[in-house]
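Worksheet for the structure shown next.
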Amino acid sequence: ALRLLPGDKDSSIVMSSALIGLRRHHEADAILKGLVERYPDSAAVQFHMADNLAAMGRLNESLRHFDKLLRLSPGDGDYRRARANVLYALGHEGAAIAEWTALAEAVPPDQKAIINLGWAAWKNKDLEAAYKHGARLLQLDENNPMYLRFVANLQIERGEQLDALRLAQR
């Protein structure tokens, strides 16, 4: 069992995670600033700081922490996807889509990157591409309720209500 100790790095990370979950971002920020100063080369610290800054809408600062994080852990798909999410929010759609595509084509494919590609395509009114991503998700996990809803809603958007109804009834 994890024992939380005041001032301990792992305990402080757990505390900041809990505060982020409670949407008490300013309190988490205070803890994380101290951790970044003490442990600048900790991937976990950099991730939590980047994640919290993104949640606070401080996207450029978040991106700087994600960049440092990826220098520390360049192959981590979760970190790469989270950085791409920030890029997308900053309006750098091409860079975000390129990163999500690379993750989606990895083995095994990053399903969260695929759903992000689907949402981005839908937002850009490219329903065919969005549907392609949704169909791929269902190939990977045909019983995932989020994927089923995504594809069914796309079918409705495309005027394929009967297909959406069949999908919902299976």
Can you tell me how far the [atom1] atom of [X] sits from the [atom2] atom of [Y], to the nearest 0.5 Å?
X      : Y      : atom1 : atom2 : answer
Leu117 : Leu103 : CG    : CG    : 9.0 Å
Glu160 : Leu167 : CD    : CG    : 11.0 Å
Ile20  : Glu27  : CD1   : CD    : 11.5 Å
Arg136 : Ile115 : CZ    : CD1   : 12.0 Å
Met15  : Asp10  : CE    : CG    : 12.5 Å
His65  : Asp51  : NE2   : CG    : 12.0 Å

Taking distance alone, no hydrogens or angles, what donor-acceptor pairs closer than 3.5 Å link side-chain atoms of residues 146-153 to residues at least two apart or in another chain?
unit_1, atom_1, unit_2, atom_2, d
Tyr147, OH, Gln111, OE1, 2.8
Asn153, ND2, Arg149, O, 3.1

Handout entry: Arg80 bridged to Asp76 by N-O distance under 4.0 Å
Key =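 Salt bridge between Arg80 and Asp76, a charged N being under 4.0 Å from a carboxylate O: no.
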
Exercise for the section: Could you tell me whether Glu93 and Lys123 make a salt bridge, using a distance below 4.0 angstrom between a side-chain N and a carboxylate O? Expected result: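 Lys123 and Glu93: salt-bridged.
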
Could you check whether any side-chain heavy atom of [X] comes within less than 4.5 Å of a side-chain heavy atom of [Y], counting everything from C-beta outward?
X      : Y      : answer
Val86  : Leu90  : yes
Trp122 : His133 : no
Gln155 : Tyr131 : yes

Exercise for the section: Please indicate whether Lys68 has more than 12 foreign heavy atoms, meaning atoms of other residues, nucleotides or ligands, lying under 6.0 Å from its NZ. Expected result: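 Check passes, neighbour count above 12.
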
Exercise for the section: Please report the C-alpha distance between Arg83 and Arg81 in whole Å, then the side-chain angles of each, then the deciding distance to 0.1 Å, and finally whether the side chain to side chain contact (heavy atoms under 4.5 Å, CB included) criterion is met. Expected result: CA-CA 5 Å; Arg83 181 182 179 276; Arg81 183 181 358 89; over 6 Å; no

Verify the cluster assignment for [X] and [Y]: are they in a single hydrophobic cluster under the rule of side-chain heavy atoms below 4.5 Å apart?
X      : Y      : result
Leu70  : Ile97  : no
Leu154 : Leu140 : yes
Val36  : Phe66  : no
Met56  : Leu69  : no

Problem - Under the salt bridge (Lys or Arg N to Asp or Glu O under 4.0 Å) test, residues paired with Asp163 that sit two or more places apart - result: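 Residues passing salt bridge (Lys or Arg N to Asp or Glu O under 4.0 Å) with Asp163: Arg166.
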
Handout entry: Nearest heavy atoms of Ala130 and Ala121, plus distance in Å
Key =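 Result for this residue pair: N-CB, 3.6 Å.
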
Exercise for the section: For the residue pair Trp100 and Asp110, confirm or rule out a side-chain donor-acceptor distance under 3.5 Å. Expected result: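 Result is no, nothing qualifies.
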
Problem - Side-chain H-bond candidate by donor/acceptor type, Asp8 with Ser11, under 3.5 Å - result: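 Short answer, yes.
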
Handout entry: Ring center gap for Phe47 and Tyr79 short of 6.0 angstrom
Key =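 Centroid separation for Phe47 and Tyr79: below 6.0 Å.
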
Exercise for the section: Please test Tyr88 against Asn116 for side chain to side chain contact (heavy atoms under 4.5 Å, CB included), starting from the C-alpha separation and ending with a verdict. Expected result: CA-CA 10 Å; Tyr88 191 81; Asn116 288 350; over 6 Å; no

Exercise for the section: Would you please test Leu53 and Asp29 for side chain to side chain contact (heavy atoms under 4.5 Å, CB included) and show each step? Expected result: CA-CA 8 Å; Leu53 288 167; Asp29 189 53; 4.1 Å; yes

